[in-house]
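Lettering follows sequence order; numbering is per chain, from 1. What you see below is based on every heavy atom in this structure, not just the backbone, and it leaves out hydrogens, waters and symmetry mates.
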Amino acid sequence: MKLRFAPSPTGFLHVGGARTAIFNLLHARRHGGTMLLRIEDTDVERSRQHHAEQIVASLQWLGVEWDEGPVYQSDRLARYRERAEELVVSGKAYRCTCTVEELEEERAVAEKAGKQWRYSGRCRLVRPAESGASYVIRFAVDAGPIAFHDLIRGDVHFEGELIDDFVLLRSDGYPTYHLSVVVDDIDMAITHVARGDDHLSNTPKHILLFRAFGAGEPVFAHLPLILGSDKKRLSKRSGATSAEEYRDMGIVPQALFNFLSLLGWSPGGDREIFSKEEASAVFDLSDVNKAPAIFDVEKLLWMNAQYLQRMPAEEIYPHLRPFIGDRELAAVRDLINLYKMRARTLKELADQIAVYFVDDVDYEAEAVKKHVKGDDLADSMRALHAALAAAEPFDVAATEAALRALAAQRGLGAAKLIHPLRLALTGKGASPGIFDVAAVLGKEKVLRRLARFIERLPDLSPSGPSSTPR
RNA sequence: GGCGCAUUCGUCUAGGGGUCCAGGACGCCGCCCUCUCACGGCGGUAACACGGGUUCGAAUCCCGUAUGCGCUACCA
């Protein structure tokens with residue numbers, strides 16, 4: 001068994017393409033088959049080498065590994081011409097000298113008359129004389145029903161009459177998609193073709209070609225499309241569309257892989273969080289749903305949070321690195337552990353961690369308003385500063401004991417000290433457990449931040465510094 | 001327009017004639033935990049597109065309708 005993922009390098013790796021790649025990989029792994037990566041760059045107008053490289057990089061990042069390739073179709077041009085000529089010799093294809101202009105004119109006339117246009121087959125009947133004129137090679141389509149069994153769609157039927165003599169080889173000598181896929185799928189011994197639903201209507205053409213070449217047909221599986229929240233094909237308008245954008249957003253590759261796997265497929269039961277290996281053990285293309293799925297970013301974010309929560313800091317670190325500059329693992333390990341269940345993305349995680357490295361924290365206005373009040377706050381904070389300075393060792397237990405003892409001594413609820421302390425240390429109204437924060441920050445930073453907070457207190461008070469009679 | 005395909009909570013899905021007045025997850029809403037925020041736990045909200053068949057019995061099978069999407073290029 002052999003499958004392939006065959007993107008055309010006209011842009012970044014689209015999440016729809018990413019899912020197609022994943023399903024191909026999963027099916028191959030499940031059945032002990034191999035996986036080929038083929039770059040379909042026969043459209044010189046739109047293909048770009050950097051896009052091909054980008055797609056390869058995205059697949060690697062995502063964890064879609066292939067066994068063969070990447071093979072570039074642009075390296076196989078001679079082969080496509082050769083095979084097209086074979087069909088001309090055997091009479092299954094013919095040269096057509098009709099120009100694009102002529103055809104467009106015909107089409108315009110037909111459309112004006114309200115009729116749908118199909119190529120007349122003029123050059124098929126009247127073989128053009130050998131001349132220097134440029135030509136395309138068209139396939140001579142035979143009328144008659146074409147049926148095939150799709151692993152996902154079931155039995156699908158088409159009428160040959162409705163397919164016109166499509167172009168195999170363009171006038172510039174480049175093959176069209178139909179020619180290159182079929183030639184390659186034959187030469188590369190592909191047994192299963194799993195691709196987007198947009199190719200379902202092209203399949204009869206391909207079947208005709210497989211037959212013309214005397215080759216057996218592969219098994220087809222047409223995957224339902226991934227739609228945006230507007231129920232249209234996922235596009236820029238409805239959100240991020242490329243794997244790369246999700247990476248830059250701070251999505252971990254395992255989470256995107258898992259999420260994409262769940263679009264149109266389910267391992268059965270109530271399982272939602274699973275690894276590539278687990279999916280590889282049970283996946284089968286025939287279990288894929290027929291209906292298109294809408295890409296729900298909210299659920300992706302939830303899933304990413306699930307992954308962050310479960311991953312050890314050491315595993316998160318390499319993915320987080322691009323978001324936190326050059327900071328070393330040792331400097332952020334404890335922070336990752338403190339914040340990983342509070343962030344949905346690596347970006348959020350990085351933002352939260354950033355406060356620990358600034359010289360002076362900014363105090364959130366809302367938190368200030370809520371917690372900076374009471375005439376004796378400065379006094380309490382000074383006492384807290386002294387109590388923490390005496391805490392030894394400076395760990396979670398000791399700092400907590402020190403604060404609670406002080407609260408009891410002053411007849412205050414511990415919260416009355418905790419919230420201002422949080423504001424002093426993080427500048428925010430919300431954070432992980434304050435004693436965890438203190439322990440991670442370390443005695444020196446805690447005392448410095450607390451001292452600065454006390455200093456700034458007059459400016460932060462609701463009455464303002466000037467109106468404070470002192 | 002023609003051809004093709006699809007249709008279970010707002011979204012992802014389970015389910016393939018009786019166990020389904022439809023299960024899980026995201027989201028949303030409550031409650032609990034608690035120094036805050038998260039995490040976690042508990043509970044709630046919400047769906048078989050519509051109409052005809054077949055059958056003792058249909059979300060499940062058949063036919064229509066509607067809606068949506070795809071293809072209809074010398075793009076893939």
Side-chain angles (χ1 to χ4, degrees), chain A residues 6-10 40-43 45-47 96 98-100 103-104 107 111 114-119 134-138 150 152-154 156-159 161-164 166-178 180-181 195-204 222 224-225 227 229 231-233 259 262-266 268-273 289-303 305-306 309 338-344 352 367 370-371 400 403-404 407 413-419 421-423 426 428-435:
Chain A
S8 67
T10 53
E40 312 221 317
D41 55 347
T42 56
D43 181 355
E45 295 282 312
R46 301 195 304 150
S47 296
C96 168
C98 299
T99 64
V100 176
L103 297 177
E104 244 151 42
R107 188 172 330 179
E111 262 166 29
K115 283 188 268 187
Q116 75 143 2
W117 179 85
R118 281 172 47 213
Y119 177 60
S134 76
Y135 62 89
V136 300
I137 293 181
R138 284 180 185 275
D150 188 283
I152 294 171
R153 299 314 165 94
V156 186
H157 308 266
F158 287 92
E159 291 303 323
E161 283 83 352
L162 271 15
I163 304 170
D164 62 359
F166 56 94
V167 173
L168 296 177
L169 201 71
R170 299 182 246 184
S171 52
D172 61 5
Y174 279 82
T176 61
Y177 168 71
H178 307 301
S180 57
V181 245
R195 72 233 300 194
D197 186 47
D198 43 348
H199 287 305
L200 187 61
S201 308
N202 287 327
T203 305
H222 287 92
L225 260 22
L227 274 26
S229 45
K231 297 199 181 213
K232 296 248 159 65
R233 199 175 176 149
F259 176 75
L262 237 22
L263 253 33
W265 180 75
S266 148
D270 296 337
R271 302 210 55 194
E272 292 215 292
I273 306 286
N289 286 165
K290 302 174 198 198
I294 292 172
F295 191 101
D296 181 11
V297 186
E298 281 298 319
K299 187 153 184 176
L300 203 214
L301 290 172
W302 166 80
M303 188 166 283
Q306 292 293 311
Q309 248 178 78
L338 227 41
Y339 279 95
K340 65 182 192 178
M341 74 283 285
R342 275 165 246 266
R344 296 201 297 177
Q352 288 168 321
K370 198 165 172 191
H371 299 298
E400 176 156 16
L403 182 141
R404 288 195 190 277
K416 287 272 184 267
L417 297 178
I418 287 174
H419 293 301
L421 177 59
R422 168 171 294 114
L423 185 57
T426 68
K428 299 181 194 308
S431 83
I434 194 61
F435 306 109

Checklist entry - Across the strands shown, which category fits A:N202 at heavy-atom distances under 4.0 angstrom: base, sugar-phosphate, nothing? => result base
Next on the checklist: Taking side-chain hydrogen bond (donor to acceptor under 3.5 Å, both in side chains) as the criterion, tell me which of A:H199, A:R195, A:R153 meets it with A:H222.
Outcome noted: A:R195
Next on the checklist: So A:S431, base contact, sugar-phosphate only, or nothing? Heavy-atom distance under 4.0 Å.
Outcome noted: base
Next on the checklist: Mind checking if A:T10 touches a base, just sugar-phosphate, or nothing, with heavy atoms under 4.0 Å?
Outcome noted: nothing
Next on the checklist: Tell me which nucleotide, if any, is Watson-Crick or G-U wobble paired with B:U19 when both distances must be under 3.5 Å.
Outcome noted: none
Item to check | Residue mapping more 5' on RNA chain B - nearest nucleotide basis, A:R170 or A:E272 | outcome: A:E272
Next on the checklist: Under 4.0 Å, counting only non-hydrogen atoms across every strand here, what does A:S171 touch: a base, just sugar-phosphate, or nothing?
Outcome noted: base
Checklist entry - What nucleic acid atoms does A:P175 come within less than 4.0 Å of, heavy atoms only: base, sugar-phosphate, or nothing? => result sugar-phosphate
Checklist entry - Do A:D296 and A:L300 have side-chain heavy atoms sitting under 4.5 Å apart? => result no
Checklist outcome for this item: Classified by glycosidic angle (syn within 90° of 0, else anti), B:G16 comes out syn
Next on the checklist: Does the structure show a Watson-Crick or G-U wobble partner for B:C35, both distances under 3.5 Å? Name it, or say none.
Outcome noted: none
Next on the checklist: Please compare A:H419 and A:L103 by the position of their nearest nucleotide in RNA chain B and report the one closer to 5'.
Outcome noted: A:H419
Checklist entry - Given that both distances must come in under 3.5 Å, which nucleotide forms a Watson-Crick or G-U wobble pair with B:C42? => result B:G30
Next on the checklist: Just to be sure I understand the rule, does A:A293 reach a base, reach only the sugar-phosphate, or reach nothing, if contact means heavy atoms closer than 4.0 Å?
Outcome noted: sugar-phosphate
Checklist entry - If you look at every strand shown and take non-hydrogen atoms under 4.0 Å, does A:F295 touch a base, only sugar-phosphate, or nothing? => result nothing
Item to check | Donor-acceptor pair present, A:R422 side chain and B:C35 base, under 3.5 Å | outcome: yes
Item to check | Between P of B:C35 and CD of A:E400, the distance in whole Å | outcome: 9 Å
Checklist entry - Just checking A:P432: base, sugar-phosphate only, or nothing, at a heavy-atom cut-off of under 4.0 Å? => result base
Checklist entry - Which part of the nucleic acid, if any, lies within reach of A:R233 when heavy atoms closer than 4.0 Å are counted: base, sugar-phosphate only, or nothing? => result sugar-phosphate
Checklist entry - Which part of the nucleic acid does A:K232 contact within heavy-atom distance under 4.0 Å: base, sugar-phosphate only, or nothing? => result sugar-phosphate
Checklist entry - For A:R271, which contact category applies under a 4.0 Å heavy-atom criterion: base, sugar-phosphate, or nothing? => result nothing
Next on the checklist: Any base atoms under 4.0 Å from A:G433, or only sugar-phosphate, or nothing? Heavy atoms, all strands.
Outcome noted: base
Checklist entry - Hey, is the side chain of A:R153 pairing donor to acceptor with the base of B:C5 inside 3.5 Å? => result no
Checklist outcome for this item: Looking only at B:A76, B:G27, B:C12, the nucleotide nearest the A:L262 side chain is B:C12
Item to check | Interatomic distance, A:L300 CG vs B:C26 P [rounded to whole Å] | outcome: 14 Å
Next on the checklist: Once you apply a heavy-atom cut-off of 4.0 Å, does A:V167 come out as touching a base, just sugar-phosphate, or nothing?
Outcome noted: sugar-phosphate
Checklist entry - With a 6.0 Å cut-off on ring centres, are A:F166 and A:Y119 close enough? => result no
Checklist entry - For A:H222, which contact category applies under a 4.0 Å heavy-atom criterion: base, sugar-phosphate, or nothing? => result nothing
Item to check | Atom-pair distance (CD1 on A:I418; C1' on B:C37), nearest Å | outcome: 13 Å
Item to check | Residue matched to B:A58 through Watson-Crick or wobble contacts both under 3.5 angstrom | outcome: none
Checklist outcome for this item: Heavy-atom nearest pair, A:R118 first then A:E161, reads NH2-O, 2.6 Å
Item to check | A:L162 CG - B:G2 P separation (whole Å) | outcome: 11 Å
